[in-house]
Amino acid sequence: MSFFDAVFYLFAILTTLAATGVIIARNPVHAALFLVLAFCSAAGIWMLLEAEFLAITLVLVYVGAVMVLFLFVVMMLDINLVKLKEGFWRWFPFGAVIAGLMVFEMVWVLGSRQISESSRAVVHAANYSNTKELGKLIYTQYVYPFELAAVVLLVAMVAAIALTLRRRSGVKSQNVSEQVKVKKADRLRIVKMHSESRAEGK
Amino acid sequence: MNLMANLLPAAAEIFLLVMVCFILIFDLLLKQNKIYTYLFVQLTLLGCSLITVGTHQHGVFYAFNGMFVDDLLSDVLKMLSYLGMSMVLVYSRQYLLLRGLFTGEFLVLALFALLGMNVMISASHFLTLYLGLELLSLSLYAMVALQRDSAIATEAAMKYFVLGALASGLLLYGMSMLYGATGSLELGAVSNAIHQGVQNKALLAFGLVFIVSGLAFKLGVVPFHMWVPDVYHGAPTAMTLLIGSVPKLAAFAFVVRILVEGLQSLVSDWSGMLMVLAIASMALGNLSAIAQTNIKRMFAYSTITHMGFMLLGLISGSIEGYGAAMFYTVVYMIMSLGGFGMIMMLSRAGFEADTLDDFKGLNQRSPWLAFMMMLLMLSMAGIPPTVGFYAKFSVLSAVVQAGYTWLAVVAVLFSLIGAFYYLRIIKLMYFDVPESHVPIVVESDTGLLMTLNGLGVLLLGMLPGTLMTICAVSVRQSLLLH
């Protein structure tokens, strides 16, 4: 076993263990942290395949942005763990049978020789830039699906705003342009008063 | 020149996308009255149909490196989807206005859904098929949840979203297996690779099972049907109308593109799977529909049955069968538009006419609407001289020609069971005493459309030849079989 293989197996085992941890962890914060570990080790596997752009994006986007949001949500929601775990053991045998079947089929299908021989990763020269190649493909051959993906994101934005934005009446909010345009005369009223001497009235 | 060759076939989609973005901004400038947005949307649909007709060319054209296909099948289905979407909007305008849901977001999401459908209809690559599907599904999830304060609508949206995501996962898994087996995501290349012989047969079969399961989820056929009644029931009726009508055209195109264009060589494998799905759907759909008291739930089970029936046309594996399935899908869209449209016409502010009791004595309250509903129900049951009869007949004759006479007999038996609950509505309308005497207010545009819809079902039933020929010719010209 070469060093390369050893690193691959290290990352692969780490990913699997972390993924298992996500499911069985009792505390949702621990589960989220396990997911971070799974993403990081998966990024390691991308790295081994010379897909450094995907690896970095996975860490930046998923670990950096998505998981942080996830942790915020987990902390803000009061999740009833007992209720969440209810029925776990009742459905466990059923799920285990399905999972076992899937593992068996995967091993049977993916373990056959054609797959393992024909899909060996290509090793590139040192000056090969994965990011550049991806960019070239995305903006030429795959421009149509790329644009469609952008439209899907636009739909997500429209939907998120339509579903969450509520206009309530009687909300006191700042109007910055009004604030800036305000003049001294609008706020300050100068009242003319006669000065009075101390001695008066005594 | 290369640029034009790529852009011209997709001109309708590009126009639609530009207009959606424009309407999105335009709508912000309107304060209250959304009627202008609505008119703009209808004009956009008209413009799209003009462009689709104008850019039609004889033959099959590929664009964007084989990701987009422009053929007669796609053009016909697109024209029908513009028509269907336009009808959906006319039917649902008053209903949504009364419930405060007639917003710019609704109209924009409806157009996005239409764009997704059109992408699916003219996709020739697994990537575009999947992206079109997601575009359609995401818009529909959001539309179901648009009535935010209704617990039942939110629940329906959650169920739809979770099960839809699961189905997308299954589909993607299947697509990745096929990629592993054939080395391509392009449908034509996949078809060629399988035709020439793939070494790893197990991988291919494994992928096919996942693909068929994902498709069955999206079509809502048994045993992947659990979401259909809940979503149809929970969503506001206008959204149910949208989910239950036009997307069926896209679903048909989706199934045909994958199974026929991509995997025709495996027809003996997938027709067996579809047969199980079709029989189970017809059995469970018809039997469960009898027990429903809510008409939206009843229509949901009837959708399951109709989708099962549509699959029968594909099972035959012949060009005639695919044409019959397309004809069936188009007819189903027209019938379901009328059916859900009628529920919305009988509803009013704060009242949903979604139980069977609401249809009692409709003949005394509005004889003309009752007559239209009778035509639609007769058509759904498949009774001549309505068009539903010819839809069922053409599918059954394709099945018999393919040598599955027993299957045709089973289908007829289940249709007979199904006729019960359609005829029950006619009985309720004509022979029962109305429970309420609130006058039915019908807007002139919806009333006219309902008349056209009902009479159209009758007229198409008397002269089914034209539509049948269009379906048969477009399938024959577009699907290249090995």
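All chains are named by letter (A, B, ...) in the order of the sequence lines, taking the proteins before the strands, and each is independently numbered beginning at 1.
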Bottom line for Met177(B): the part with an atom under 4.5 Å from chain A's heavy atoms is side chain
Between the CG atom in Leu163(A) and the CD atom in Glu105(B), the distance rounded to the nearest 0.5 Å is 9.0 Å
To the nearest 0.5 Å, atom CG of Leu17(B) lies from atom CG of Leu154(A) at 8.0 Å
query: Near Phe26(B) CZ, under 6.0 Å, is it more than 12 heavy atoms from other residues, nucleotides or ligands?
result: yes
Among residues 138-148 of chain A, those lying within the under-4.5 Å heavy-atom range of chain B are Thr140(A), Gln141(A), Tyr142(A), Val143(A), Tyr144(A), Pro145(A), Leu148(A)
Those residues of residues 51-68 of chain A that come under 4.5 Å of chain B on a heavy-atom basis, listed by number, are none
Ranked by heavy-atom pairs below 4.5 Å to chain A, first place among Leu109(B), Val108(B), Val119(B) goes to Val119(B)
Might you confirm whether atom CZ of Phe61(B) has over 12 heavy atoms from other residues, nucleotides or ligands at distances under 6.0 Å? yes
Exercise. Answer yes or no: does atom CE of Met226(B) have more than 12 heavy-atom neighbours from other residues, nucleotides or ligands under 6.0 Å?
Key: no
Under 4.5 Å to a heavy atom of chain A? For Leu127(B) that would be side chain
Counting only heavy atoms not in Gln179(A), do more than 12 fall under 6.0 Å of its CD? yes
Taking every heavy atom of Ser139(B) against every heavy atom of Val155(A), the minimum-distance pair comes out as OG-CG1, 3.8 Å
Is it true that, when you exclude Phe161(B) itself, more than 12 heavy atoms of the residues, nucleotides or ligands shown sit nearer than 6.0 Å to its CZ? no
Bottom line for Leu153(A): the part with an atom under 4.5 Å from chain B's heavy atoms is neither
